[in-house]
Trainee: 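Okay, handing you the structure first.
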Amino acid sequence: MSESMAAAPHFYLTISVDAANLLSIREQANAALAADPSAGAGEPATPARKVSLNAFLVKLVAGALARHPRVNATWNGDTITLHATADVALAVALEDGLVAPVVRDAGAKSIAAIDAELADLVTRARAGRLEPAEYAGAGFTISNLGSFGIEEFTAIINPPGSASLAVGAIERVPVAGAGDLVEVRPRMKLTLSCDHRAIDGAVGAAFLASLKDALEHPVRALL
């Protein structure tokens, strides 16, 4: 990571996202999974683990990468490799640093499958039981510090990827609505770190705008 910061010419793009629809669809998904359907009649239902926000982020990032393949790239010194699949890593904090396990071909997986895979990867990462192949080779990395209340930050690009996404906390803030009437909405800030050798400003901006649209209209993006 220190080599990445020193060698890659980083630039940063920040955008604000209305998270109301994202929170709503997550709430609906968790309500649908609220009880274990395998429980027999008269038996107490087993509460299901809630689908994480990170699972939605990974899935929607994978979709945005498919629409903007130039962001899913690796700089090779004098050539650029565009990756055929969205291998998306999620940064996981450890006591002595961090590791970023990878969800391979995230675009081909359901949110439920991604969520189950992330739960396994994160658990084993914190126990120090990941294989090197499970945290190497990501084309894109997500770092989410929202649970710590961090509003906005920048992430170092995780090689061999050329971009990383920093996700801030969802906060209820006053915004100007229809007719300039002020209303309180859940908003979060996303900051995209790009390697300028592989991604220029217009490409990064188009990707981030597409991701914003997907997060604000998740049902449409997941169809």
Side-chain angles (χ1 to χ4, degrees), residues 1-5 7-8 10 12-13 51-77 79-94 97-145 154-167 190-200 203-204 206-208 210-212 214-215 218 221-222:
M1 299 297 283
S2 61
E3 291 177 3
S4 171
M5 194 64 192
H10 286 54
Y12 308 99
L13 303 168
V51 179
S52 70
L53 183 63
N54 286 327
F56 284 89
L57 287 169
V58 169
K59 178 65 175 180
L60 293 173
V61 160
L65 289 173
R67 293 187 291 275
H68 302 273
R70 285 294 301 272
V71 177
N72 192 15
T74 293
W75 171 256
N76 301 310
T79 61
I80 297 172
T81 299
L82 301 183
H83 302 290
T85 60
D87 298 330
V88 181
L90 178 70
V92 177
L94 306 177
L98 61 83
V99 67
V102 185
V103 177
R104 307 288 177 187
D105 198 8
K109 296 175 180 176
S110 68
I111 289 174
I114 291 171
D115 187 65
E117 187 170 342
L118 282 176
D120 173 63
L121 288 169
V122 170
T123 297
R124 290 191 292 112
R126 290 174 174 160
R129 294 190 289 107
L130 285 180
E131 297 294 330
E134 293 178 303
Y135 55 82
F140 190 97
T141 300
I142 298 171
S143 181
N144 186 353
L145 294 179
T154 58
I156 300 173
I157 296 167
N158 181 25
S162 293
S164 292
L165 184 72
V167 182
L190 308 178
T191 300
L192 184 68
S193 304
C194 301
D195 183 342
H196 214 320
R197 298 171 299 181
I199 303 169
D200 65 27
V203 170
F207 168 84
L208 202 53
S210 182
L211 179 59
K212 170 186 169 75
L215 290 166
L222 294 170

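Just so it is clear, the values below take in all heavy atoms, side chains as well, and ignore hydrogens, waters and symmetry mates.
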Trainee: Under 3.5 Å, is there a donor-acceptor pair between the side chain of Asp115 and the main chain of Ser52?
Mentor: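 Answer holds: yes.
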Trainee: Tell me, do Leu211 and Leu192 make a side-chain contact under 4.5 Å, heavy atoms counted?
Mentor: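 Answer no - side chains too far apart.
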Trainee: Restricting to side chain to side chain donor-acceptor pair (under 3.5 Å), what partner residues turn up for Asp105, sequence neighbours left out?
Mentor: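 If we apply the side chain to side chain donor-acceptor pair (under 3.5 Å) test to Asp105, skipping adjacent residues, there are no hits.
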Trainee: Just jot down the salt bridge (charged side-chain N to carboxylate O under 4.0 Å, His left out) partners of Arg67, sequence neighbours excluded, or say none.
Mentor: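 Result, salt bridge (charged side-chain N to carboxylate O under 4.0 Å, His left out) vs Arg67: none returned.
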Trainee: Taking Ile157's backbone N and O only, do any of them form a donor-acceptor pair with Ser4's side chain (distance below 3.5 Å, no angle check)?
Mentor: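 Side chain of Ser4 to backbone of Ile157, a donor-acceptor pair under 3.5 Å: yes, one is there.
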Trainee: Check the pair Phe207, Leu13 against side-chain contact (heavy atoms from CB on, under 4.5 Å), reporting the backbone distance first and the verdict last.
Mentor: CA-CA 10 Å; Phe207 168 84; Leu13 303 168; over 6 Å; no
Trainee: According to ring pair (Phe, Tyr, Trp, His ring centres under 6.0 Å), who are the partners of Phe56, at least two apart in sequence or on a separate chain?
Mentor: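 None.
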Trainee: Using the side-chain contact (heavy atoms from CB on, under 4.5 Å) rule, take Arg104 and Thr85 through it: C-alpha gap first, then chi angles, then the decisive distance, then the call.
Mentor: CA-CA 8 Å; Arg104 307 288 177 187; Thr85 60; over 6 Å; no
Trainee: Quick check: does any side chain N or O of His68 sit under 3.5 Å from a backbone N or O of Ala66, one acting as donor and the other as acceptor?
Mentor: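 Checking the backbone N and O of Ala66 against the side chain of His68, no donor-acceptor pair under 3.5 Å is found.
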Trainee: Do Glu134 and Arg124 meet the salt-bridge criterion of a basic N to acidic O distance under 4.0 Å?
Mentor: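 Looking at Arg124 and Glu134, the cut-off is met.
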Trainee: Look at atom CZ of Arg70 and say whether more than 12 heavy atoms of other residues, nucleotides or ligands are closer to it than 6.0 Å.
Mentor: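 No.
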Trainee: Check the pair Thr191, Leu208 against side-chain contact (heavy atoms from CB on, under 4.5 Å), reporting the backbone distance first and the verdict last.
Mentor: CA-CA 9 Å; Thr191 300; Leu208 202 53; over 6 Å; no
Trainee: Show your working on side-chain contact (heavy atoms from CB on, under 4.5 Å) between Asp87 and Asn72 and close with a plain yes or no.
Mentor: CA-CA 9 Å; Asp87 298 330; Asn72 192 15; over 6 Å; no
